[in-house]
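The block underneath contains the structure these notes are about, expressed in structure tokens.
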2 protein chains.
Amino acid sequence: MAENEIEKCEVEEIHVDKVRAVTKNMPDEDELYDLAELFKVFGDSTRMRILFALFEADICVCDIAETLNMTQSAISHQLKILKQAKLVNFRREGKSVIYFLADDHVRTIIDQGREHIEE
Amino acid sequence: MAENEIEKCEVEEIHVDKVRAVTKNMPDEDELYDLAELFKVFGDSTRMRILFALFEADICVCDIAETLNMTQSAISHQLKILKQAKLVNFRREGKSVIYFLADDHVRTIIDQGREHIEE
DNA sequence: CAAACATATGAACAAATGCTCATATGTTAA
DNA sequence: TTAACATATGAGCATTTGTTCATATGTTTG
């Protein structure tokens with residue numbers, strides 16, 4: 001292994017320092033995984049649409065389905081993912097289940113994303 | 001179609017209003033797609049690791065590979081995705097290509113993600 | 001120029017993802 | 001309790017995604 005490093009980059013001393021510095025502040029495995037999982041949830045246009053819908057109003061599954069012109073089942077599956085990521089919460093109202101945004105990080109994250117896209 | 005709506009929710013009038021209100025502020029197809037694509041880029045722990053590395057220093061492909069203990073090819077493929085999303089930029093320095101963060105949205109988005117995870 | 005190094009890229013393959021369909025669970029009203 | 005409505009969920013399937021392997025491109029040095 002130590003011999004292997006020498007074979008790599010010419011200016012290996014500088015590089016080793018950089019690698020060490022960069023490694024130092026790297027979050028642990030679990031946090032990296034959780035972060036990636038969180039952003040993965042934002043990374044689907046159906047879920048994005050659902051979140052935008054919830055920006056405007058608390059709304060039931062059936063209405064989300066109608067708004068997005070998709071099946072109830074597809075929406076329900078996606079809501080499960082949003083729930084697991086704690087991006088949305090829900091309350092029962094009679095036969096309906098009303099979903100709503102869990103907290104303001106959702107808006108902030110999406111707003112930053114939009115800003116980035118506008119260059 | 002019009003008949004179909006009546007078959008759906010009992011309190012359809014309220015629902016129709018909600019659907020209309022919610023639809024009104026929905027970003028267009030393209031923006032939703034772009035947003036989802038952007039967050040998809042954050043949704044992989046290898047790319048997340050690369051971004052954290054770039055938080056600390058501008059660094060070449062070979063050093064990223066060594067830091068993450070992955071092959072040069074895998075890193076290069078991921079850097080291409082980060083480049084396309086304009087999250088990173090690069091400059092040539094001799095034989096090496098040095099990558100660096102494109103702008104501060106990257107930090108803000110990731111910071112918000114971390115905050116969300118800490119509940 | 002040729003050799004060595006650093007990076008990029010295309011094809012292939014396994015794993016993950018999103019939707020559909022059928023059906024289960026839960027709630028209300030007759 | 002039964003029927004009707006609203007939502008949830010498991011299995012199956014097609015598509016997407018991340019890595020590896022082999023190789024191409026680009027840069028410097030002898």
Side-chain angles (χ1 to χ4, degrees), chain A residues 4-12 14-15 18-19 32-33 36-50 58-85 88-99, chain B residues 4-12 14-15 18-19 32-33 36-50 58-85 88-99:
Chain A
N4 238 335
E5 282 171 25
I6 299 169
E7 285 176 340
K8 284 181 183 176
C9 306
E10 301 245 308
V11 278
E12 33 118 358
I14 302 175
H15 289 209
K18 279 214 168 175
V19 169
L32 286 165
Y33 180 81
E37 287 303 303
L38 173 63
F39 287 116
K40 209 173 283 185
V41 175
F42 287 96
D44 174 80
S45 59
T46 296
R47 289 191 291 269
M48 198 53 78
R49 260 183 269 264
I50 294 175
D58 299 6
I59 186 173
C60 69
V61 180
C62 141
D63 286 352
I64 298 176
E66 197 177 322
T67 302
L68 307 199
N69 202 33
M70 292 180 64
T71 67
Q72 173 270 320
S73 177
I75 300 301
S76 196
H77 278 295
Q78 297 299 2
L79 283 169
K80 186 176 189 179
I81 293 171
L82 290 166
K83 251 187 294 180
Q84 284 169 340
V88 306
N89 262 318
F90 65 95
R91 60 174 183 272
R92 251 202 184 275
E93 282 188 8
K95 283 181 284 190
S96 299
V97 177
I98 312 291
Y99 281 83
Chain B
N4 238 335
E5 281 172 25
I6 298 169
E7 285 175 342
K8 284 183 182 173
C9 305
E10 300 246 309
V11 278
E12 31 120 357
I14 300 175
H15 290 208
K18 279 214 169 176
V19 168
L32 285 164
Y33 179 82
E37 287 304 301
L38 173 63
F39 287 116
K40 210 173 280 184
V41 175
F42 288 96
D44 174 80
S45 60
T46 295
R47 290 191 290 268
M48 197 55 77
R49 259 182 270 264
I50 293 176
D58 299 5
I59 186 173
C60 69
V61 179
C62 140
D63 285 353
I64 298 176
E66 197 177 323
T67 302
L68 307 200
N69 202 33
M70 293 178 64
T71 67
Q72 173 270 320
S73 176
I75 300 301
S76 197
H77 278 295
Q78 297 299 2
L79 283 169
K80 186 176 189 181
I81 293 171
L82 290 165
K83 251 188 295 180
Q84 284 170 340
V88 305
N89 261 318
F90 65 95
R91 61 173 181 273
R92 250 203 184 276
E93 282 189 8
K95 284 180 283 191
S96 299
V97 177
I98 311 291
Y99 282 81

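Protein chains get the first letters and strands the later ones, always in sequence-line order, with residue 1 at the start of each. The shown structure was predicted, so the numbers you read here are calculated from the model rather than taken from an experiment.
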(request) Kindly indicate, with the supporting measurements, whether the criterion side-chain contact (heavy atoms from CB on, under 4.5 Å) is fulfilled by B:His77 and B:Ser73. (result) CA-CA 6 Å; B:His77 278 295; B:Ser73 176; 3.6 Å; yes
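- Ring planes of B:Phe90 and B:Tyr99: tilted class, angle from 30 to 60°.
- Residue A:Phe90 is out of contact with every strand shown, counting any heavy-atom pair closer than 4.0 Å.
- Residue B:Ser76 is classed as a base contact, given a heavy-atom separation below 4.0 Å to a base.
- If you measure from atom NZ of A:Lys95 to atom P of D:dA6, you get 5 Å, rounded to the nearest angstrom.
- Only B:His77, B:Gln78, listed by number, bring a heavy atom of residues 77-85 of chain B to less than 4.0 angstrom from any atom of DNA chain D.
- In this structure, the side chain of A:Arg47 engages the main chain of A:Val41 through a donor-acceptor pair within 3.5 Å.
- Proximity of B:Arg92 to the phosphate of C:dT7: no side-chain N or O atom is located under 4.0 Å from OP1 or OP2.
- A salt bridge between B:Asp58 and B:Arg91 is present, with a side-chain N of the basic residue lying under 4.0 Å from a carboxylate O of the acidic one.
- When the side-chain contact (heavy atoms from CB on, under 4.5 Å) test is applied to A:Gln72, the partners found at least two apart in sequence or on another chain are A:Val61, A:Ser76.
- With sequence neighbours excluded, the residues forming a side-chain contact (heavy atoms from CB on, under 4.5 Å) with B:Glu37 are B:Tyr33, B:Lys40, listed by chain and number.
- Here C:dT7 presents its P atom at 11 Å from CD of B:Glu66, a figure rounded to the nearest Å.
- Rounded to an integer number of Å, the gap from A:Leu68 CG to C:dG18 C1' is 14 Å.
- Residue-to-nucleotide proximity on DNA chain C shows that, of A:Gly43 and B:Val97, the 5′-proximal contact is made by B:Val97.
- Protein atom CD1 of B:Ile98 is 11 Å distant from nucleotide atom P of C:dA6, rounded to whole Å.
- When the side-chain nitrogen and oxygen atoms of A:Ser96 are compared with OP1 and OP2 of D:dA6, none of them lie within a distance under 4.0 Å.
- Atom P of nucleotide D:dT19 and atom CD1 of B:Ile64 are separated by 13 Å, given to the nearest angstrom.
- Atom CD in A:Gln72 sits about 13 Å away from atom P in C:dC19, given to the nearest Å.
- Contact check, A:Tyr99 against D:dA6: no side-chain N or O comes under 4.0 Å of OP1 or OP2.
- The interatomic distance linking B:Arg91 (CZ) with C:dA6 (C1') rounds to 16 Å, in whole Å.
- Contacts of B:Ser73 with the nucleic acid, taken as non-hydrogen atoms under 4.0 Å apart, include base atoms.
- Residue A:Asp44 contributes atom CG, which lies 12 Å from atom P of D:dT16 at whole-angstrom precision.
- When atom types are taken as modelled, the side chain of B:Ser45 and the backbone of B:Met48 share no donor-acceptor pair closer than 3.5 angstrom.
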